[in-house]
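Below, chain A is the first sequence line, B the second, and so on; all start at residue 1. Note that the structure is a prediction, hence the values are computed from the model and not measured.
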Number of protein chains: 2
Amino acid sequence: MTQKKLPAVSPAETEILRLVWQLDKATVQDVCNKLPAKRKIAYATVQTLLRRLEKKGYIKHRIRGKAHVFFAAVKSEHVIKRSVGDFLDRLFGGDPIPLMQYLAEHGKIDAGDIEKLKQLAGKK
Amino acid sequence: MTQKKLPAVSPAETEILRLVWQLDKATVQDVCNKLPAKRKIAYATVQTLLRRLEKKGYIKHRIRGKAHVFFAAVKSEHVIKRSVGDFLDRLFGGDPIPLMQYLAEHGKIDAGDIEKLKQLAGKK
DNA sequence: TGACAGCTTGTACAAATGTACGATATTATA
DNA sequence: TATAATATCGTACATTTGTACAAGCTGTCA
């Protein structure tokens, strides 16, 4: 079954969506609490973003008491694929090597990590 | 000297900026011709995007004949750093490993590439 | 059962984005 | 030097994004 093409996820929405994945099931509150301290946005804003994500089809909700409990409606794989693809196209013309290179050079990755990746790449 | 903080580059702008880097010096025409066939946008649109990039400080231009020749005013390194950083934060909470993993698993990378990357990571 | 605390919903709105038309200016060239 | 070709510039405009207030529901607990 082919996935219907969903509208793109905006940057701010992306962050919220990631938190929903991370929490698995989450109320607006939950998401707010999980927001990185750096990026505090109002409860109401989070609500709107969740609403929009639902409208776009990325999440659904169920009622628990008076609260909405949101959860993913699309596999994160799917979203990641699109996002990474678009990002790569825009910034690197679609070639993943420069990106990996950038990540490798900028320190947050060490040789050990890469060894593991090699395994993955091998058995794809 | 610390780089003044420039306004963010939008997705569409990012693509245009990349083409300017790639061409080194480019007129609106040049950029249009370099656009991937997939993504054909009007001459006028490219113009606007270039104008905006200039206003934001990412490129400058010089006049040659009646045409504007645009060129980078900021090191691509700088833009890439910001873009990758933001992207990583939004989609992966800042952790580069899942991204590399994704890239490694999705085929476009082979063990040989990774070997090279390991080198880079090693001597950072 | 009535009040409260906590939620959602409707609505708003400025700024950014994506896209482009039409008018004007400039350069070669006939 | 008039003209055709080609650029730019000003402007426009529908959408999307980011952010949020205020009004109205709804369980809950006294």
What does A44(B) touch in the nucleic acid at a heavy-atom separation under 4.0 angstrom: a base, only the sugar-phosphate, or nothing? base
Could you tell me how the ring of H61(A) sits relative to the ring of F70(A): parallel (under 30°), tilted (30 to 60°) or perpendicular (over 60°)? tilted
Got a donor-acceptor pair under 3.5 Å from the side chain of T48(A) to the base of dA20(D)? yes
Under 4.0 Å: is that the gap between some side-chain N or O of Y43(B) and OP1 or OP2 of dT8(D)? yes
Expressed as a whole number of angstroms, how long is the span from L17(B):CG to dT17(C):C1'? 16 Å
Does Q29(A) have a side-chain nitrogen or oxygen under 4.0 Å from the phosphate oxygens OP1 or OP2 of dC7(C)? yes
Quick check on dC9(D): is either OP1 or OP2 less than 4.0 Å from any side-chain nitrogen or oxygen of H68(B)? yes
Quick check: does any side chain N or O of E13(B) sit under 3.5 Å from a backbone N or O of R52(B), one acting as donor and the other as acceptor? no
What is the distance from CD of Q47(A) to C1' of dT17(D), rounded to the nearest Å? 17 Å
Over all strands shown, is A67(A) touching base, sugar-phosphate only, or nothing at heavy-atom distances under 4.0 angstrom? sugar-phosphate
Name the nucleic acid region contacted by P7(B), choosing base, sugar-phosphate or nothing; use a 4.0 angstrom heavy-atom cut-off, strictly under. nothing
Is it true that a side-chain atom of D89(A) and a backbone atom of D86(A) form a donor plus acceptor pair closer than 3.5 Å? no
Side-chain N,O (T45(A)) to OP1/OP2 (dG18(D)) below 4.0 Å: no
Closest to the 5' end of DNA chain C, once R51(B) and K56(B) are matched to their nearest nucleotides, is K56(B)
Is T27(A) close enough to dC7(C) that one of its side-chain N or O atoms is under 4.0 Å from OP1 or OP2 there? no
Under 3.5 Å donor-acceptor pair, R52(A) side-chain atoms to dT19(D) base atoms: yes
Gap between atoms CG and C1', on L50(A) and dT17(D) respectively (whole Å): 15 Å
Side-chain donor-acceptor pairs of residues 33-45 of chain A under 3.5 Å, sequence neighbours excluded:
unit_1: R39(A); atom_1: NE; unit_2: E15(A); atom_2: OE1; d: 2.4
unit_1: K40(A); atom_1: NZ; unit_2: C32(A); atom_2: O; d: 3.3
unit_1: K40(A); atom_1: NZ; unit_2: L35(A); atom_2: O; d: 3.3

d(NZ, K40(B); P, dG18(C)) in whole Å: 18 Å
Atom CZ of R64(B) to atom P of dT26(C): distance rounded to whole Å? 18 Å
Find the distance L49(B):CG to dT17(C):C1' and express it as a whole number of Å. 9 Å
Report the distance from atom CD1 of I63(B) to atom P of dA7(D), rounded to the nearest whole Å. 13 Å
Kindly compute the distance separating CZ (F92(B)) from CH2 (W21(A)), expressed to the nearest 0.5 Å. 7.5 Å
How many Å lie between NZ on K55(A) and C1' on dT9(C), as a whole number? 12 Å
Per S10(A) side chain, nearest of listed nucleotides dT17(D), dA20(D), dT8(C): dT17(D)
Counting only side-chain heavy atoms from C-beta out, which of dA20(C), dT27(C), dA5(C) sits nearest to K66(B)? dT27(C)
Output yes when at least one side-chain N/O atom of R39(A) is less than 4.0 Å from OP1 or OP2 of dG18(D), else no. no
Under 3.5 Å: donor-acceptor pair, side chain of Y102(B), backbone of E77(A): no
